[in-house]
Amino acid sequence: MSIEVNGLHFSYGNGKKRLTILKDVTFSVGKGEFVGIIGNVGCGKTTLIKHLNGLLVPLSGNVTVDGFASSKKEVCRKVGVLFQQPSKQLFCKTVFEDIAYGPSNFGMKGDELEHCVHDAIEKVGLSSDILGSSPFSLSGGEMRLVALAGVLSSSPDYLVLDEPTSGLSTFYKERLFKTLELLRQNGVGIVLVSHHLEDVLGVADKIVYLTEGKMVFEGTPEEYLSSLSLPAPEITVLMRELSSSGLAVKKTVFSVEDAFNEIVGALSEKRG
Amino acid sequence: MIELKGVSYIYPNGNKVLDDIYIRIENGSFTTILGDNGSGKSTLIRHMNGLLKPSQGVVSVCGMDTASPADIWKIRQTVGMVFQDPHSQAVGATVEEDVAFGPENLALESDEIRLRVTNAIANVGLECLEDSLLMSLSGGQLQKTAIAGVLAMVPEILIFDEVTSMLDSDSRSQIIDIVRQLNKRGKTVVYVTHHMEEALFADRVIVLENGYIASDGTPWDVFREIYASGRKVPPHLELAFRLQDAGMISPDVFPMDALSLKEEICPSR
Amino acid sequence: MEGFLFSYVAGKSILHGLDPRVKIFSVMCLSILIFKSSALVDLLVFALLFVGLTILAGSGLSGIMSVRPLLPIFVFIFLIHSFFTEGAALFNSQFSPTYEGLLKGSLVTVRFVLLILYGSLLTSTTRPAVITAGIERILRPLPLRRVGVTSFEIATMMSLALYFVPHLLWYAGQIKDSQLSRGSKYRRNPISGTLSLAIPVLKGSMRMADDVAMAMESRCYQGNFRTSLFELKMTARDVLVCSVVLGVTALVLYA
Ligand SMILES: Nc1ncnc2c1ncn2[C@@H]1O[C@H](COP(=O)(O)OP(=O)(O)OP(=O)(O)O)[C@@H](O)[C@H]1O
Ligand SMILES: Nc1ncnc2c1ncn2[C@@H]1O[C@H](COP(=O)(O)OP(=O)(O)OP(=O)(O)O)[C@@H](O)[C@H]1O
Ligand SMILES: [Mg+2]
Ligand SMILES: [Mg+2]
């Protein structure tokens with residue numbers, strides 16, 4: 001039971017202007033697995049994500065979700081996708097309707113639906129006062145949270161999130177990661193695209209790094225941090241510098257907590 | 001200089017978003033605005049180029065009142081603004097046309113426009129995409145286009161609303177470098193962000209909370225205050241503060257980035 | 001977006017380098033000539049000219065192939081004329097194409113095809129922005145202010161329309177993606193399905209119009225004088241082409 005991406009190739013346009021975006025991408029997302037996708041601007045992350053629920057069809061290679069081909073109707077129920085542009089994926093009159101759109105399509109009604117919507121908005125940390133207002137009178141970050149609630153409300157088996165943390169303040173970000181952790185424990189497979197290494201490294205089981213549509217790295221966060229050719233979080237850069245100037249600290253650390261302990265340990269040892 | 005005096009703003013649907021705000025932004029300064037989602041940052045800066053008129057109070061830009069229609073063009077010329085959502089500020093079919101839109105309105109010679117457009121596009125690192133259709137760009141590429149569109153106008157005051165939210169860390173530092181350089185050359189910068197690292201480079205940090213100013217001061221003071229209240233500050237700064245609290249490094253250094261923190265912990269001879 | 005009817009194909013040919021005003025003027029002259037010619041042989045000359053110019057433009061077959069979507073219309077025009085023109089019937093049935101009809105049908109259709117082809121040659125060798133700049137310059141001497149608009153406003157409207165249509169299509173695509181991935185395929189009622197895309201897109205287009213207005217305003221747009229990134233300068237070559245086109249047209253029309 002997993003999302004399997006196999007030898008995926010994709011290009012936009014045709015004829016002379018054909019632009020190959022994805023080159024031979026292969027990875028999988030199991031139940032309860034957390035996969036972080038990282039890569040520079042324009043490397044093809046969004047394009048890749050759109051293959052996971054069949055919005056784009058691979059030029060060659062294939063994508064299957066729990067054994068279904070990604071073009072099958074069932075797939076949109078199994079895979080919930082949060083897109084990159086918050087303001088361009090909301091379309092209902094009120095926030096409530098927007099969050100209820102998914103579950104009501106899948107046959108939820110009445111009290112159950114009401115309950116589900118409140119539950120979703122609570123999960124992302126917004127107050128339920130805004131349920132009655134128009135999604136277009138919200139701030140940018142609030143729109144993203146509403147869109148996120150609209151994906152969570154259908155309780156998909158796999159969650160695919162395209163830069164969900166962009167434009168969120170620390171408070172909502174921490175909230176989001178708590179929610180994701182809970183979902184993951186309940187067996188939801190998660191794919192998260194982010195430009196913030198710190199976001200992904202702490203929670204992911206697997207990191208996929210794309211450069212111009214090619215997978216140049218796939219492995220655990222630990223492996224990622226020990227590879228010197230990939231962009232590293234600031235704290236890791238600091239630790240590498242410290243270690244190369246002779247302080248005995250672990251180089252693959254990226255959280256403040258661990259870095260603090262390492263440095264304190266090393267310094268007290270050195271100063272005696 | 002931008003001056004807000006007793007500004008309150010109520011949206012047509014009754015949302016009261018700003019509450020009696022006093023801010024004075026000096027010429028040549030670099031101000032960052034932080035705050036939770038929905039705290040009113042975007043609403044606040046939309047007052048600074050007259051897109052929104054205060055429900056109460058006065059906003060003036062270089063002595064011109066934003067509520068007076070006669071000055072509005074002059075104000076728009078002085079204040080360039082990059083909005084939060086790159087998809088709702090595109091006005092051209094291709095990258096080049098979009099970036100050229102502002103300079104064209106300033107009625108510059110076409111050679112000058114060409115020069116500025118080429119420079120602005122190169123500055124944000126979109127050289128290969130000049131002729132691409134805007135709608136076929138990725139989110140980050142579009143965000144860079146929006147930034148270039150305002151850079152090409154070279155206004156006196158630049159306002160950026162979360163313009164690096166969809167960029168990778170290299171592009172982010174590229175943009176912040178451009179902004180700092182502009183500021184060094186005397187431009188006034190107002191910079192809204194959720195990336196607190198970016199606030200370190202400012203002379204002044206303002207924190208908004210539910211439409212009022214919760215803190216206002218130098219990055220040092222504000223981040224100390226935030227740290228003391230137990231909330232998140234930039235990772236290397238948090239590490240520095242904790243090391244200071246533990247007496248490991250000198251208590252009055254304020255490292256701008258990880259490398260200067262490294263010098264503190266382990267000075268290279 | 002290559003291969004679309006009337007889309008621009010970047011290039012460096014002589015045709016790309018000509019002033020848009022010259023190109024617009026030439027297309028107008030050619031259209032007049034095409035309309036005036038009443039023999040298929042004459043039209044053959046224009047067809048050959050087109051082939052020559054396409055080779056010159058270096059855009060290959062894509063210009064010709066891009067009219068394919070209009071094929072049903074061409075067929076329709078042809079059939080209408082062949083059946084509804086008075087004359088000698090081709091078959092001995094009540095409803096039959098006529099000889100005259102076939103002739104007229106092919107004449108009208110070929111004219112139409114040629115007009116479209118020349119139009120697409122213009123747009124495939126000229127950036128939309130340059131075309132609007134050209135039109136703006138052509139309109140500028142007219143006393144438009146009397147009717148309350150400026151040539152700049154007209155040009156901006158045109159370029160906005162050129163940009164707005166693809167933007168709107170893109171937006172519709174985003175909403176559709178969002179609905180599809182939230183299970184719109186599970187809706188029972190297919191009609192409400194279509195409407196549930198059309199209505200938000202329509203509303204969204206209003207918001208987009210507001211957004212664009214706001215973005216334009218904050219980038220100093222004010223409707224009267226503005227310049228263009230694409231400066232138009234008549235070179236000797238432009239003048240030469242212009243006079244040749246004018247001369248030939250006058251010769252054909254009045255000789
Ligand atoms: N519809 C399209 N037509 C043609 N090219 C496209 C289209 N959409 C995207 N591209 C191009 O494909 C490349 C990958 O785009 P994609 O949106 O997947 O990038 P991304 O990794 O998500 O980037 P970002 O981090 O900026 O969102 C980009 O260079 C972009 O210009
Ligand atoms: N057009 C509008 N009509 C009514 N209320 C609005 C409108 N735009 C924003 N608001 C409300 O005003 C408050 C502040 O919005 P604003 O966009 O200024 O927030 P922000 O600080 O920029 O947040 P973010 O970091 O998410 O962009 C929000 O609670 C929002 O719901
Ligand atoms: Mg993307
Ligand atoms: Mg905002």
Side-chain angles (χ1 to χ4, degrees), chain A residues 12-13 19 38-47 84-88 126 133-134 137-145 162-163 165-174 195-198 231 233-238 241-242 245-247 254-257 259-260 263-264 266-268 270, chain B residues 11-13 15 17 34-43 83-88 125 129 136-144 161-162 164-172 194-197 231-232 234-236 238-239 242-243 246 248-249 257-259 261-263 265-269:
Chain A
Y12 286 111
L19 205 64
I38 310 179
N40 283 351
V41 161
C43 69
K45 304 178 294 299
T46 301
T47 309
Q84 197 171 359
Q85 298 87 22
S87 60
K88 303 292 187 265
L126 287 173
S133 53
S134 154
S137 70
L138 298 177
S139 82
E142 289 168 339
M143 277 191 210
R144 192 179 294 277
L145 291 167
D162 198 352
E163 294 188 32
T165 56
S166 115
L168 293 194
S169 64
T170 334
F171 171 80
Y172 289 103
K173 224 187 214 177
E174 282 172 359
H195 284 306
H196 294 275
L197 299 165
E198 291 89 345
E234 242 195 325
I235 297 287
T236 315
V237 173
L238 171 72
E241 286 291 322
L242 286 175
S245 55
L247 203 64
F254 67 95
S255 76
V256 174
E257 185 65 41
F260 177 75
I263 293 173
V264 170
L267 277 184
S268 9
K270 188 175 161 197
Chain B
Y11 274 106
N13 67 356
N15 271 3
V17 175
L34 302 176
D36 245 343
N37 292 118
S39 57
K41 303 179 297 297
S42 302
T43 310
F83 298 95
Q84 184 169 3
D85 181 1
H87 289 89
S88 40
L129 294 168
S136 72
L137 295 183
S138 79
Q141 290 166 342
L142 198 62
Q143 196 158 38
K144 289 180 173 187
D161 194 355
E162 290 183 35
T164 54
S165 62
M166 291 193 233
L167 302 185
D168 54 75
S169 55
D170 286 349
S171 324
R172 224 162 38 227
H194 286 298
H195 299 304
M196 289 188 281
E197 300 88 307
R231 281 170 297 159
K232 275 260 185 295
H236 80 270
E238 187 180 341
L239 183 57
R242 288 188 63 175
L243 289 171
M248 289 291 180
I249 59 175
D257 52 27
L259 291 187
L261 177 58
K262 184 239 148 195
E263 284 303 305
I265 300 171
C266 191
S268 50
R269 273 138 299 192

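Throughout, protein chains are lettered first and strands after them, A, B, ... in sequence-line order, and every chain is numbered starting at 1.
- The part of Asn13(B) that comes within reach of chain A is its side chain, from C-beta onward, which places non-hydrogen atoms under 4.5 angstrom from that chain.
- Only the side chain of Leu259(B) comes within less than 4.5 Å of a heavy atom of chain A; its backbone N, CA, C and O stay farther away.
- Among the candidates Glu162(B), Arg231(B), Gln84(B), the residue making the largest number of heavy-atom pairs closer than 4.5 Å to chain A is Gln84(B).
- Rounded to the nearest 0.5 angstrom, Gln141(B) CD and Ser136(B) OG are separated by 8.0 Å.
- Note: His236(B) NE2 to Lys262(B) NZ = 15.0 Å, rounded to the nearest 0.5 Å.
- Heavy atoms only, all atoms of each residue included: Asp161(B) and Ser42(B) are closest at OD2-OG, 2.8 Å.
- For chain B, the option among Glu234(A), Lys173(A), Lys45(A), Glu257(A) with the highest count of heavy-atom pairs below 4.5 Å is Glu234(A).
- Ranked by non-hydrogen atom pairs under 4.5 Å with chain B, the options Gln85(A), Met143(A), Lys88(A), Glu198(A) are led by Gln85(A).
- Comparing Val264(A), Thr47(A), Asn40(A), Ile235(A) by how many heavy-atom pairs each has under 4.5 Å with chain B, the most go to Asn40(A).
- At least one side-chain heavy atom of His195(B) sits under 4.5 Å from a side-chain heavy atom of Thr164(B).
- Contact count against chain A (heavy-atom pairs under 4.5 Å) is highest for Ala258(B) among Ala258(B), Cys266(B), Ser138(B).
- With no hydrogens or angles considered, no side-chain donor-acceptor pair links Ser139(A) and Asn37(B) at under 3.5 Å.
- The side-chain heavy atoms of Leu197(A) and Phe254(A), taken from C-beta on, include no pair separated by under 4.5 Å.
- Looking at Ser165(B), both its backbone and its side chain come within 4.5 Å of chain A, counting heavy atoms on both sides.
- Both the backbone and the side chain of Asp36(B) come within less than 4.5 Å of a heavy atom in chain A.
- Of the listed residues (Met196(B), Arg242(B), Arg172(B), Met166(B)), the one with the most heavy-atom contacts under 4.5 Å to chain A is Arg242(B).
- The CD1 atom of Ile38(A) sits 10.0 Å away from atom SG of Cys43(A), with the distance rounded to the nearest 0.5 Å.
- Chain B forms the most heavy-atom pairs under 4.5 Å with one residue out of Pro231(A), Ala266(A), Gly141(A), and that residue is Gly141(A).
- Between chain B and the options Glu142(A), Glu174(A), His196(A), Glu163(A), heavy-atom pairs under 4.5 Å are most frequent for His196(A).
- The contact between Phe260(A) and chain B is made by backbone and side chain atoms together, counting heavy-atom distances below 4.5 Å.
- A donor-acceptor pair is defined here as one N or O able to donate and one able to accept, closer than 3.5 Å; such a pair exists between the side chain of Arg144(A) and the backbone of Gln84(A).
- Chain A forms the most heavy-atom pairs under 4.5 Å with one residue out of Lys41(B), Glu197(B), Lys232(B), His87(B), and that residue is His87(B).
- Remark: the backbone N or O of Val17(B) is not paired with any side-chain donor or acceptor of Asn15(B) at under 3.5 angstrom.
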